[in-house]
Number of protein chains: 2
Amino acid sequence: MTPAGRRAGNPDTRTEILEAARDEFGESGYRRATIRGIARRASVDPALIHHYFGTKDELFAASIALPFAPGDLMDGVFEGGRDGAGRRLARAFFTIWETEQARASLLGVLRTAISGDERATAAFREFLLEALRDHLAAHIDGDDARLRAVTVASHLVGMAITRYVVRLEPVASASIDDLVDLVAPRLQSYLDQA
Amino acid sequence: MTPAGRRAGNPDTRTEILEAARDEFGESGYRRATIRGIARRASVDPALIHHYFGTKDELFAASIALPFAPGDLMDGVFEGGRDGAGRRLARAFFTIWETEQARASLLGVLRTAISGDERATAAFREFLLEALRDHLAAHIDGDDARLRAVTVASHLVGMAITRYVVRLEPVASASIDDLVDLVAPRLQSYLDQA
DNA sequence: TTCGCAATTCAACAGGTGTTGACAGACTTC
DNA sequence: GAAGTCTGTCAACACCTGTTGAATTGCGAA
């Protein structure tokens, strides 16, 4: 189709590849996604992907970079103290998932981690640890603080799966406001119970 | 290694293959699991698998059969009315996941559904619908009954993922009693709120 | 203008995959 | 004990995968 050699103009093909990769990994996870599929989506030869990003591993790593720092986000959630933190947490969580780029990245990580790949699982575990569990536990009292923190994280992960992965109604097309109203009180109760 | 031809004795090789398949699909999901890997685990030639089960699809279908009927289970949960149903639901859920065979099957379904395979996702959706959402919603009042039912299911799915898939501590090695104590009140509150 | 470098494709590799058909050995039945 | 059926392996197929090296074309600087 496309003739060999450099194209006319100065198209940002590298970025197009990265976006195609993010979408493909988001839809299929690491294993099911193929270099050839990503190349097709970016209208590019597979070899070009290796030219820019090296191995499939490195491409995946580059494609799941998040447009925010989880730590900062958690700081915002607890800025006003524990009162209302459940609500702010729920809103922050769903808001992130609604932004297209973040959703694709998060889906890629989630799908890959759950697929059974040991390295991906470990990475996801670290992510949940640093981003959620430890920050949450720091604001919970009692000796089961970490247990309750992970339970909060579990609830959120579960919501993401039914809404964005399985797309089960009526959660899939509920408004964020409704979801926050519903979930926030239970999250808060996990945080508060002494 | 093993000589060609029928083996001595009457070993139930078919069952061994099925167990190997269940374990392999449970660890890796449909895509990552390979016929050759299952054959290796069952100490058998790959062709024998096709002889017994036909295609990989059919083997997967045979391997995820659950040793219980979800409908019956839900009947038990609501037998004594809505009072205490949250607790009975949580206990039933974790108890099932603790039985080895069921866990492998459930992991296989979960991993495959979340991997992005459209057919598997649809199947999982139907499963959640029939097994959880509709049964739960029938015992919840208010016009957001289905929304709250799916939220309950989401929480449970999330717990299964952190405990059995990601194995994030301290949820991974908490006792079932502790988990039930923690989660049941919130499930109950989803069921009760009018 | 020319020259080097970056962008891009082409063709091929080595390896893994599901699946198939032909063959071999042991149990079952008459 | 011979015939037939079930259990099992071997060898090969067609296909898809990630990856590589060489070749081709355009851009920017000297």
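Chain letters run A, B, ... following the sequence lines, proteins first, then strands; residues in each count from 1. Everything quoted here is computed from the prediction, not taken from an experiment.
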Going by an N to O cut-off under 4.0 Å, is there a salt bridge joining A:R82 and A:D192?
yes
Tell me, yes or no, whether the heavy-atom count around B:R119 atom CZ, taken from other residues, nucleotides or ligands under 6.0 Å, exceeds 12.
no
Let me know the distance between CG of B:D45 and P of C:dG25, rounded to the nearest Å.
15 Å
Enumerate, atom names and distances included, each donor-acceptor pair closer than 3.5 Å involving a side-chain atom of residues 71-81 of chain B, sequence neighbours excluded.
none

Looking only at side-chain N and O atoms, does B:Y52 come under 4.0 Å of OP1 or OP2 in D:dC6?
no
B:E27 with B:R41: basic N within carboxylate O range, under 4.0 Å
yes
Carboxylate-amine/guanidinium contact B:D177 B:R91, below 4.0 Å:
yes
Mind calculating the distance between CD1 (B:I49) and P (D:dC10) to the nearest angstrom?
14 Å
Basic-acidic side-chain contact under 4.0 Å: B:E169, B:R163:
no
Roughly how many Å is it from CG in A:L59 to P in D:dT19, rounded to a whole number?
10 Å
With respect to the side chain of B:H51, which nucleotide from C:dT9, C:dT8, D:dT7 is positioned closest?
D:dT7
Closest to the A:L48 side chain, choosing from C:dA7, D:dC10, C:dC10
C:dA7
How many Å lie between CG on B:D12 and P on C:dC27, as a whole number?
15 Å
From CD1 of A:I17 over to C1' of C:dA6, roughly how many Å is that when rounded to an integer?
14 Å
Summary of protein contacts for nucleotides 13-19 of chain C, nucleotide by nucleotide, where a base hit scores B, a sugar-phosphate-only hit scores S (4.0 Å, heavy atoms):
----BBB
